[in-house]
Amino acid sequence: MRFLLIALLTLFFMPPVQAAEFDIYQSGFKPLHLAWMVAAPTDESDAKQLIHDVVRHDLNSSRSFSTLDPLSFLDNIEGTLKHVEYADWRIIGADILAVCQLKRSGKRLQAQVQVYDPFRSKLLSRFQLTAAPKSERTLAHAIANRIYQTATGIPGYFNSHILYVRKHGDLADLIYMDQDGANKQTVGRNFTLLLSPDWSPNNQRVALNTYVGDRPRLEIFDLATGRRRTFGAFKGLNSTPEWSPDGHFIAAALSYTGNTEIHLYNTRTKKWRQLTHNPAIDTTPTWSPDGKWIAFTSDRNGTPQIYRIRLSDGEVQRVTHSGSYNTSPSWSPRGDRIALIARKSWEYALATVRADGGDLRYLVTTGHIESPSWSPNGQMLLFSREVKGVRRVYRIPSWGGRMEAITGPGKDASDPAWSH
Amino acid sequence: MNYKKYSMAGMAAILCTGLLFAGCAKKEVAMTSSNGSQQQMSTSGNGTSASTSGVNSSGGVNGEAASSHSVYFAFDSSALDTAAQSILNANAAWLKANPGKRIAIEGNCDERGSREYNLALGQRRADSVRTYLVKQGVDANRIDTVSFGEERPVCKGTGEACWAQNRRADIVTR
């Protein structure tokens, strides 16, 4: 199926805004056309609607799919469950056909799903999933994950979660929600400043930077219990924590040595060690998914730029060379690219660059853009964007295109962090 | 290019401090911001007298009042210009005359740039002030530093007049 994705890289997608300072990356990516149908017993019409809508929304919002209007379908679900007439789906341009049969077994909703490729007249996958009681959205996300993976070869991310910070006056709350905005809840209240939340690899804890008594500290916040534990409260700066992929370390920027350097906290021995040694600012560490490198921001050559340090021998390489202000690196979970924020003449852009510094792509500009965070499969990016004093969290595909706000205009939202 | 503007802001701030009682400096900076650039213009070009009034105010008839002062910086810089140095000389003199006092230096940034990088920049500004005071003979153990990055702007608008006031380090007694 991957070849089909590549074969379809034909149509152009124009982003709505073209900025003067940044040459916005133009991807030829075109989403797969998906025909999606759900059948259920008549007394399960609510469940049917929910599963249908959540899966459709998941797949459309990924921009890897575009669901076809059911009015264009030549066959109905009953007929298709008995026999797939591939030609009827080819005529309406369906790259992928997915059909789902729901039934209730006790309190549990069960889904039997088939995914077809009409252009190769082929069944691609068949699977059965069962929901825990009252977890029908979770079941829908799991179905979307399997359809996504079957069609693209890449794991889906639809059961993931998002954290972000909402500032109100001088205080800040930590907000949790499903990746599609459902199940939103305030999990931490009234922090005095709250910055840089980062999920532990098992998604159970969050490392964050807050202030207590007007002094910054690093804390680990337990999402299940709400318990907070301080693990960094040195003189000066305690900032920008990020877990290593294996959860063994948390990298952070501390300044107790008299200068801001990257240090590593060992979560088992609870000991710190200094990683960078340079008279410039070194901050915002981000780990490569193999745990062998840390990319960070440093102004060691005069302006803030992205560098990376190899943990085995301390070798430092400069990653960004274009522009005079590049900050906030976030290493893709796929390892190949690093997202960052670029600034030119007071315009900001979300960009990605290959981990070796090549192929810089500016994805979106306008407004004050900050805090890039990748979806767990490396296909989508979250960021915050402030326009006229209103800060919201947005989502954009890693190949660019139209950005989509995922928080409302009424309440402040910043520092998005996508779970693993 | 921005040198004039922020040094003026610095002088305006210290002149205000000189005119009023110690302990109100933070509010005065905010007043300066609402008064806009005109007041800053009128107080420019008088560095020596400005810093002298700084000594008077902070040296204070009443030593128990919390004294606070601000110095200002260029964009993405932690360098101390002559205006900032005059203010710090005055503060160093007061600190040496009041050896029991402890201070914290709070580094701040304007809203431009990345918030996380600005945390480090605010820290470098605070550290730069601390290093200067120590060179003037103030005991390093009496000085604490903290950075608020761009999280606590004195002036909440946009534009250079506002940003210049947010790129600052405040000296506060704790």
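Here is how names work: the chains are called A, B, and so on, in the same order as the sequence lines, proteins then strands, and each is numbered from 1.
A salt bridge links B:Arg124 to A:Asp299: one of the charged nitrogens lies within less than 4.0 Å of a carboxylate oxygen.
The two residues A:Arg343 and B:Phe75 come nearest to each other via the heavy atoms NH1-CZ, 2.9 Å. Considering all non-hydrogen atoms of both residues, A:Pro304 and B:Asp76 come closest at CD-OD2, 3.6 Å. When all heavy atoms of B:Arg112 and A:Tyr348 are compared, the closest pair comes out as CA-OH, 3.2 Å. The two residues A:Leu237 and B:Leu119 come nearest to each other via the heavy atoms CD1-O, 3.6 Å.
For a residue to count as touching a neighbouring chain, one of its non-hydrogen atoms must lie under 4.5 Å from one of that chain's; by this rule A:Ser384 does not touch chain B. In this structure, chain A has heavy atoms under 4.5 Å from both the backbone and the side chain of B:Glu151. Of the atoms belonging to B:Arg130, not a single heavy atom falls under 4.5 Å from chain A. Only the side chain of A:Thr297 comes within less than 4.5 Å of a heavy atom in chain B; its backbone stays farther off. Looking at A:Ile341, neither its backbone nor its side chain comes within 4.5 Å of chain B, counting heavy atoms on both sides.
Counting heavy-atom neighbours within 6.0 Å of B:Lys156 NZ, excluding the residue itself, gives a total of 12 or less. Residue-environment remark: CZ (A:Arg189) stays at or below the threshold of 12 foreign heavy atoms within 6.0 Å.
The distance from the OG atom of A:Ser414 to the CZ atom of B:Arg115 is 4.5 Å, given to the nearest 0.5 Å. Atom OG1 of A:Thr283 sits about 6.5 Å away from atom CD of B:Glu116, to the nearest 0.5 Å. Taking OG1 of B:Thr158 as the start and NZ of A:Lys388 as the end, the distance is 11.5 Å to the nearest 0.5 Å. Atom CG of residue A:Asn326 and atom OG of residue B:Ser114 lie 10.5 Å apart, to the nearest 0.5 angstrom. Atom CD of B:Gln123 sits about 9.5 Å away from atom CD1 of A:Ile281, to the nearest 0.5 Å. Between B:Asp144 atom CG and A:Asp214 atom CG the span is 10.5 Å, to the nearest 0.5 Å.
Judged by distance alone, with hydrogens and angles left aside, the side-chain atoms of A:His368 form a donor-acceptor pair with the main-chain N or O of B:Gly113 at under 3.5 Å.
The aromatic rings of B:Tyr117 and A:Tyr325 stand perpendicular to each other, their planes meeting at an angle above 60°, with 30° marking the opposite boundary.
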